[in-house]
Amino acid sequence: MALRTCVFNAAGPKDVTLDELETIGKSRASAIVMKSCTLEPRQGNEEPRYSDVEKGSINSMGLPNLGYREYVKFADALKKHGKPVIASVSGLCTADNVEIIKSFNDSPVDAIELNLSCPNIKGKPQIGYDFAQMDEVLRETTKMCKKPIGVKLPPYFDFVHFEEAARILKKHNPAFITCINSIGNALVIDADKESTVIRPKGGFGGLGGAYIKPTALANARKFYELTGGKIPIVGVGGVFTGRDAFEFILAGATAVQIGTAFMQEGAGVFERVADELMLLLKTKGYDSLDDFRGKLKTC
Ligand code: SIN
């Protein structure tokens with residue numbers, strides 16, 4: 001996929017309705033990622049389910065979405081923006097994912113991001129933490145998907161888990177790896193109110209923003225290393241500035257997505273971050289991202 005800049009939106013924030021997606025389309029985001037969709041429409045979890053917090057955000061949205069059929073239709077409408085449209089698929093089981101992908105196969109979407117990492121579905125563990133299930137869903141979907149299909153992963157924290165995930169990914173060879181989703185089941189407490197800041201799941205939710213950038217960088221770097229740079233990495237987690245984006249590219253990412261900063265700042269964030277990144281390249285004397293991609297030094 002040709003991208004005008006390496007900066008676009010992460011699946012999740014402000015990408016549920018056609019109006020919201022049009023706003024992303026009109027912005028400088030270099031692609032439009034639609035909300036992770038399920039077979040049937042979902043209301044999602046009870047409110048309040050998102051909160052900005054000191055260094056980022058916490059959410060337990062629970063995949064509120066209009067159902068995949070709407071996003072297949074939206075893809076047609078969004079093509080006029082002249083940038084890639086990416087469907088995010090988060091079926092509640094393998095058969096759902098296959099059915100949803102079949103429909104997107106016959107739609108104008110440019111790529112599919114298979115979300116194996118939503119931490120907010122009550123009673124459903126994240127597939128990315130169940131390696132046997134991850135292997136199965138990738139086996140069933142990568143074969144039948146006619147579009148470039150990437151995988152959105154949860155954060156890993158142990159080298160053994162990075163290695164096992166990379167072994168499975170290399171077996172199925174996705175078109176890209178997006179890391180990371182929010183850090184699941186974090187708890188933010190308001191000491192004044194002596195309360196959690198979101199309601200679902202007793203206040204536990206996915207942490208995003210600046211808190212998670214070091215973990216996101218570690219995941220981008222590790223998967224870049226373990227795949228020998230052969231599978232493009234899309235870095236997400238704590239990108240607020242061009243300098244943050246630069247760090248992800250240095251770690252090995254090909255592109256970056258923005259979640260929390262888009263929620264907080266609105267669609268102007270894509271232009272600001274892309275411009276800041278270009279300015280930083282100029283200051284450093286680089287002509288392109290390829291000049292420094294993956295070339296992180298160890299001190
Ligand atoms: C949600 O809708 O709960 C967030 C999506 C995700 O974390 O994948």
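In this text, all values refer to a predicted model and were calculated from it rather than measured experimentally. Note that ligands are numbered from 1 as they come in the structure, with each ligand's atoms numbered from 1 the same way.
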For ligand 1, is there an atom lying under 4.0 Å from some heavy atom of [X]?
| X | value |
| --- | --- |
| Asn59 | yes |
| Ser36 | no |
| Lys35 | yes |

Lys/Arg cation over aromatic Tyr71: Lys35, 6.0 Å, 45° cone | no
Mind running side-chain contact (heavy atoms from CB on, under 4.5 Å) on Asp244 and Leu277 for me, showing each step along the way?
-> CA-CA 9 Å; Asp244 296 326; Leu277 177 61; over 6 Å; no
Say whether [X], considering both its backbone and side-chain N or O atoms, lies within less than 3.5 Å of an N or O atom on ligand 1.
| X | result |
| --- | --- |
| Ser60 | no |
| Pro64 | no |
| Leu63 | yes |

How close do Arg49 and Ile198 get, heavy atom to heavy atom, and via which atoms?
-> C-CG2, 3.7 Å
For [X], take its heavy atoms, then give the atoms of ligand 1 lying under 4.0 Å from any of them.
| X | answer |
| --- | --- |
| Pro119 | 7 (O) |
| Met61 | 1 (C), 2 (O), 3 (O) |
| Asn115 | 6 (C), 8 (O) |
| Asn181 | 6 (C), 7 (O), 8 (O) |

Are Lys284 and Asp291 ion-paired here, with the side-chain N under 4.0 Å from a carboxylate O?
-> no
Are Glu247 and Lys213 close enough for a salt bridge, meaning some N to O gap below 4.0 Å?
-> yes
Do Gln126 and Ser117 meet the criterion of a side-chain donor-acceptor pair at a distance under 3.5 Å?
-> no
What distance separates Glu70 CD from Leu21 CG, expressed to the nearest 0.5 Å?
-> 11.5 Å
Shortest heavy-atom approach to atom 4 (C) of ligand 1 - which of Thr38, Val16, Asn120 | Asn120
Any sub-3.5 Å donor-acceptor pair from Lys170's side-chain atoms to Leu226's backbone N or O?
-> yes
